[in-house]
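First listed ligand is number 1; within each ligand, the first listed atom is number 1. None of the values given here were measured: they were computed from a predicted structure.
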Amino acid sequence: MALVVQKYGGTSVANVERIRSVARRVVERKKAGDDLVVVLSARAGDTDRLIALALEMSPHPDPRELDVLLATGEQVTIALFSMAVKDMGFEAVSMTGYQAGIITDHQYGHARISWIETVPVTEKLREGKIVVVAGFQGYDDEGNITTLGRGGSDTTAVALAAALKADACEIYTDVEGVYTTDPNVYHKARKLRRISYEEMLEMASMGAKVLHIRSVEFGMKYNVPIWVRSSFTEDPGTLVTQEDADMERVVVSGITYSKKEARVTVTDVPDVPGMAFKLFHPIAEAGINVDMIIQGSSAVPGRANISFTVPKADYEKTLALAEKVSGEIGAGYVHGNPNIAKVSIIGVGMRSHTGVASVMFNALAKENINIHMISTSEIKISCVIDEKYTELAVRVLHDAFELHKDPCNGIRVAEER
Ligand code: ADP
Ligand code: ASP
Ligand code: MG
């Protein structure tokens, strides 16, 4: 008998029929003898609808009240699902984040789980019940309801699996696993059998929304095997696990894209110590997350141009802050572009192989796609391009690195340097 935490995403519980079909699936697993904790998302579109509703009420919704509102989406599905299971003759109990002991910090809208009090869930499991937990929500040490950020139900599931020392965590979604790139963008995307936590973390951070970033962090920290599967088929899916010798030995294992960022440039910044601090300190103080930063020399001697990216949602605010600082420090002018995208290639094999960047740049150049910014880490290279070329860039990079070919058939296993 195993303890399994399963999570079903919004499309899997989008309506009454789908909730019933997921309930059937869960009940079959229970009949087979496993103990089950089921984490559910809100119905597809519900969280978006709640956000729109809040914006209708207030242009800047109070963060605490917004979380109270958003947390209701998941409360709908856990209740409906538990009704369905009970109608099938099995015991189930729905639990909100509060009832399930999911304690977070105070950051409304993007709270981090700090502790899980497991007693309430384990007690219900001991009673033989299927425990149905609302994803995406918790509460802080003052009892306020918090939410974990968009896509956060994955994190609820993996964190619960870690805290309960579950045998496995299964994430059920609308695709059959983790692919070499978003299968909804390129039909040649290939499903991976296994992927390391490290690569998955990089893919999630670079925009592959199939898993919430922090769910992968939890998985990696507590060594929780994460299976990503479809709730519509019986395919075994992808296992996210520790890197091992059996893993595909390839240089590049995935391509990601993100349209969520915007670029800001400050020209002719005086090239003296302390300027970067003066520019970025107020941005950090405003809680804005800066991603790429590039400083290059300006045509004016003793001056530098600084470009950086921020979340699109913070673009206007960042421009205003940058303009203020620019005036104070006597820099040139501030300009930006919210219509950019970041495409990234990811693979642990990049650590030991050279020439990867030039393949990437060549593939983009052949399509006349201009690169505005580049950033690299040990296992990834990202390029900022015009947003309108995103899908094209993903496809040409996928082709350039031949990701459609299965390396286990001996086609793409690269030589070590
Ligand atoms: P859920 O609602 O089940 O949490 P999400 O929409 O959050 O589902 O995540 C699944 C989606 O992630 C897929 O429909 C797919 O478009 C997208 N996706 C992006 N990159 C990848 C990838 N590399 N592999 C699989 N899916 C991906
Ligand atoms: N319902 C939340 C969202 O749409 C959380 C989730 O689905 O994981 O972002
Ligand atoms: Mg998701």
Return the option from Val210, Ile195, Thr11, Val178 holding the heavy atom at the smallest distance from atom 26 (N) of ligand 1. Val210
Donor-acceptor contact below 3.5 Å, side chain Arg64 vs main chain Tyr108: no
What's the verdict on salt bridge (Lys or Arg N to Asp or Glu O under 4.0 Å) for Glu170 and Arg29, showing C-alpha distance, side-chain angles and the deciding distance? CA-CA 12 Å; Glu170 300 169 354; Arg29 191 69 173 266; 2.7 Å; yes
State the atoms of ligand 1, each with its element, that fall below the 4.0 Å cut-off from a heavy-atom position in Asn184. 13 (C), 14 (O), 15 (C), 16 (O)
Using modelled atom types only, decide if a donor and an acceptor are shared between the side chain of Lys342 and the backbone of Met373 within a distance under 3.5 Å. no
Mark the output for Gly10 as yes if a heavy-atom distance to ligand 1 is under 4.0 Å, and as no if none is. yes
Just by distance, no angles: are the side chains of Asp67 and Thr147 close enough, under 3.5 Å, to form a donor-acceptor pair? yes
Can any side-chain N or O of Thr376 pair as donor or acceptor with the backbone N or O of Ile381 at less than 3.5 Å? no
Backbone or side chain, does any N or O of Asp182 fall under 3.5 Å from an N or O of ligand 1? yes
Using heavy atoms and a cut-off under 4.0 Å, could you grab the residues that are in contact with ligand 2, chain by chain, numbers ascending? Ser41, Ala42, Thr47, Glu74, Phe136, Arg150, Gly151, Gly152, Ser153
Name the closest protein heavy atom to atom 8 (O) of ligand 1, giving the residue it belongs to and the distance to 0.1 Å. Thr173 OG1, 3.1 Å
Answer side chain, backbone, both or neither: which part of Val175 comes under 4.0 Å from ligand 1, heavy atoms only. side chain
Counting only N and O atoms by type, is there a donor-acceptor contact under 3.5 Å from the side chain of Glu243 to the main-chain atoms of Ser196? no
For Gly177, the ligand 1 atoms with a heavy-atom partner under 4.0 Å come out as 24 (N), 25 (C)
If a pair satisfies side chain to side chain donor-acceptor pair (under 3.5 Å) and one of its residues is in residues 210-219, list it, with sequence neighbours excluded. Arg112-Glu217, Thr155-His212
Check this for me - ligand 1, Lys209, N or O atoms closer than 3.5 angstrom, yes or no? yes
Just heavy atoms, cut-off under 4.0 Å: does Pro183 contact ligand 1 by side chain, backbone, both, or neither? side chain
Just which atoms of ligand 1 are under 4.0 Å from any heavy atom in Met203? 23 (N)
Do the charged groups of Lys259 and Glu391 touch, with an N to O distance under 4.0 Å? yes
Decide whether the shortest distance between a heavy atom of Lys7 and an atom of ligand 1 is less than 4.0 Å. yes
Quick one: does Asp167's side chain have a donor or acceptor within less than 3.5 Å of a partner on Leu3's backbone? yes
His212: heavy atom below 4.0 Å from ligand 1, yes or no? no
Per-atom contacts, ligand 1 versus Asp174 - under 4.0 Å to a heavy atom: 10 (C), 11 (C), 13 (C), 14 (O)
Any nitrogen or oxygen of Asp154, main chain or side chain, under 3.5 Å from a nitrogen or oxygen of ligand 1? no
Any salt bridge (Lys or Arg N to Asp or Glu O under 4.0 Å) involving residues 114-124? Give me the pairs, sequence neighbours left out, ordered by first then second residue. none
For atom 23 (N) of ligand 1, what's the nearest protein heavy-atom neighbour? Residue, atom name and distance, please. Tyr179 O, 3.0 Å
Tell me which part of Thr181 gets within contact of ligand 1: side chain, backbone, both or neither, using heavy atoms under 4.0 Å. backbone
Let's go through Tyr389 and Asn370 carefully: what are the C-alpha distance in whole Å and the side-chain angles of both, what is the deciding distance for side chain to side chain donor-acceptor pair (under 3.5 Å) to 0.1 Å, and is it a yes or a no? CA-CA 9 Å; Tyr389 297 127; Asn370 194 24; over 6 Å; no
Short side-chain to backbone donor-acceptor contact, Thr122 and Val119, under 3.5 Å: yes
What donor-acceptor contacts under 3.5 angstrom involve side-chain atoms of residues 74-82, with partners at least two apart or in another chain?
residue, atom, partner, partner atom, Å
Glu74, OE2, Ala42, N, 2.8
Thr77, OG1, Ser41, O, 2.8
Thr77, OG1, Glu74, O, 3.1
Ser82, OG, Ile78, O, 2.7

Single hit among Asp314, Asn289, Asp291 for side-chain contact (heavy atoms from CB on, under 4.5 Å) with Glu261: Asp291
Examine ligand 1 and decide if any of its atoms is less than 4.0 Å from a heavy atom belonging to Gly151. no
